[in-house]
Amino acid sequence: MAKIALVRPPSIVSAGSFSGFLTPPIGLAYIGASLRSSGHKVTIVDAVGLNPGKSTYIGNKLVLRGISFSEVLNLIPNDTDLIGFSGMFSSDWVSLRPLVNMIGEKFRGKYFIAGGEHFTAVPEVCLEQCKDLDAISLGEGEETLVDLANAIDTNSSWLNIDGLVVRDNDKFVKTNNRKRITKLDEIPKPAWDLVPLNNYL
């Protein structure tokens, strides 16, 4: 059984904005459910959902919505085997990049994976700018993350897992494309118990 922590960063918005990405992270809830149904232990650290009313200014033009980087860091269990990061929008990269690097400083020797639309669009850029990332999950992550967790359990190579761009020494290797999930009813329902849903309500 692998232990996985899935991290959603605080959202970033323009100062003075009353909007934000105040929606529950359904992608992470689906991935958490898939991992759990395969026998792995999952924690979701939803930086936005844990305190959606909190704002931290970055200079005078940008605001982070949600808990601070240090609070995110402290909520990741020390015995985690794999830390996964969600980045759905390229605007998130402003907060994700320093957060990934900060977590990498504390959790040396752990495995790091990232996924979502931003990472899928520019995997090599993300791997270049975050040296602790071991791989990028391309597209849908439910099956890919289960395969990764299983590979950690069996100490198997990630290069045999479809749907990844893997850091291999000083180069990046794209594995085979993963087939799209078409039997949607077979995906476990989202693990909403891992997310602070009441805070969104």
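Given the structure is predicted, the values throughout are model-derived calculations rather than measurements.
Heavy-atom neighbours of K54 NZ from other residues, nucleotides or ligands within 6.0 Å: above the threshold of 12. Other residues, nucleotides and ligands place no more than 12 heavy atoms under 6.0 Å from the CZ atom of R180.
Shortest non-hydrogen contact noted between N199 and P52 is O-CG, 3.8 Å. The two residues V42 and G32 make their nearest non-hydrogen contact at CG2-O, 3.7 Å.
Placement of L133 and V122 in two distinct hydrophobic clusters is found when ILVMFWY residues are connected by side-chain heavy-atom separations under 4.5 Å, directly or transitively.
In this structure, the side chains of N101 and E105 stay at 4.5 Å or more apart for every pair of heavy atoms. For the pair D134/I113, no side-chain contact is recorded, criterion being any heavy-atom separation below 4.5 Å from C-beta on.
Between the side chains of D81 and H40, no donor-acceptor pair of N or O atoms lies under 3.5 Å.
Of the charged side-chain nitrogens involved, none lies within less than 4.0 Å of a carboxylate oxygen, so that E128 and R167 do not count as a salt-bridged pair. Taking a cutoff of 4.0 Å between a charged side-chain nitrogen and a carboxylate oxygen, R178 and E140 do not qualify as a salt bridge.
Residues Y30 and W192 place their aromatic rings such that the two centres sit no closer than 6.0 Å.
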**Prompt:** Between K174 and D162, does a salt bridge (charged side-chain N to carboxylate O under 4.0 Å, His left out) hold up when you go through it step by step?
**Reply:** CA-CA 9 Å; K174 184 179 183 298; D162 293 346; over 6 Å; no
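Formation of a donor-acceptor pair under 3.5 Å by the D46 side chain with backbone atoms of G49 is found in this model.
Under the side-chain hydrogen bond (donor to acceptor under 3.5 Å, both in side chains) criterion, K110 pairs with no residue, sequence neighbours left out.
To the nearest 0.5 Å, the span separating CG on L184 from CD on E142 amounts to 9.5 Å.
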